[in-house]
Amino acid sequence: MFHAPNLWWPTALLALTLLGDALLSIRPPAFIRGCLDGVGLPREWWWILIVVKLLAAAGLVAGLTYDGIGLAANIGVVAYFLCAVYAHIRARFLRQEFWLNCLGMLSFAVAVLAVSYVA
């Protein structure tokens with residue numbers, strides 16, 4: 001059985017980051033708009049990303065108490081950012097947003113998974 005992470009704070013920090021990202025995406029600043037336009041995501045679908053990030057943050061927080069939920073949420077966050085990497089590469093939108101935001105968040109999610117659940 002999967003258990004809640006031994007280290008709680010990396011998972012909490014990832015959840016807080018995703019929450020902040022979701023809230024920021026409600027009225028996205030230019031760098032988020034540019035990124036989403038750059039990968040060709042239609043504006044009428046942008047709300048879906050907010051919902052996914054809010055659900056991921058909630059799952060990570062719930063996983064601090066309930067076995068398995070945090071692991072599933074963390075794997076989902078990794079999958080989300082792998083999809084984002086694919087979207088960037090497919091659209092050939094490999095600007096600063098890709099290297100800092102997309103790969104940065106993927107690396108962060110993988111690191112949290114490694115230190116919280118694999119170790």
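Residues: numbered from 1 along the sequence shown. This one's a predicted model, so the numbers in the text were calculated from it and none came from an experiment.
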Problem - His88 side chain vs Leu94 backbone, donor-acceptor pair below 3.5 Å - result: no

Handout entry: Closest contact, heavy atoms only, Gly38 versus Ala91
Key = O-CB, 3.6 Å

Exercise for the section: State the CG-CD1 distance between Leu60 and Ile69, to the nearest 0.5 angstrom. Expected result: 11.0 Å

Exercise for the section: Determine, using the 4.5 Å side-chain heavy-atom cutoff (strictly less than), whether Leu106 and Trp99 are members of one ILVMFWY cluster. Expected result: yes

Practice task
Could you tell me whether the side chain of Trp45 reaches within less than 4.5 Å of the side chain of Leu36, counting heavy atoms only?
Solution key: no

Handout entry: Any donor-acceptor N/O pair, Trp46 side chain to Leu41 backbone, under 3.5 Å
Key = yes

Practice task
May I ask whether Val52 and Leu23 are part of the same hydrophobic cluster, defined by side-chain heavy atoms of I, L, V, M, F, W, Y residues being less than 4.5 angstrom apart, directly or through others?
Solution key: no

Problem - Linked, directly or transitively: Tyr86 and Leu49 (ILVMFWY side chains, under 4.5 Å) - result: no

Handout entry: From CG (Leu18) to NZ (Lys53), nearest 0.5 Å
Key = 7.5 Å

Problem - CZ (Arg90) with more than 12 external heavy atoms under 6.0 Å - result: no

Exercise for the section: Compare all side-chain heavy atoms of Phe93 with those of Arg95 and state whether any distance is below 4.5 angstrom. Expected result: yes

Handout entry: Asn74 CG to Leu113 CG distance, which is reported to the nearest 0.5 Å
Key = 4.5 Å

Problem - Val112-Ile75 co-clustered via ILVMFWY side chain contacts under 4.5 Å - result: yes

Problem - Single-linkage hydrophobic cluster, 4.5 Å side-chain cutoff, Phe108 and Val110 together - result: yes

Practice task
Determine whether more than 12 heavy atoms belonging to other residues, nucleotides or ligands lie under 6.0 Å from atom CD of Glu44.
Solution key: yes

Problem - Between CZ on residue Arg33 and OG on residue Ser25, distance to nearest 0.5 Å - result: 11.5 Å

Handout entry: Shortest non-hydrogen contact between Ala56 and Ala73, atoms and distance
Key = O-CB, 4.0 Å

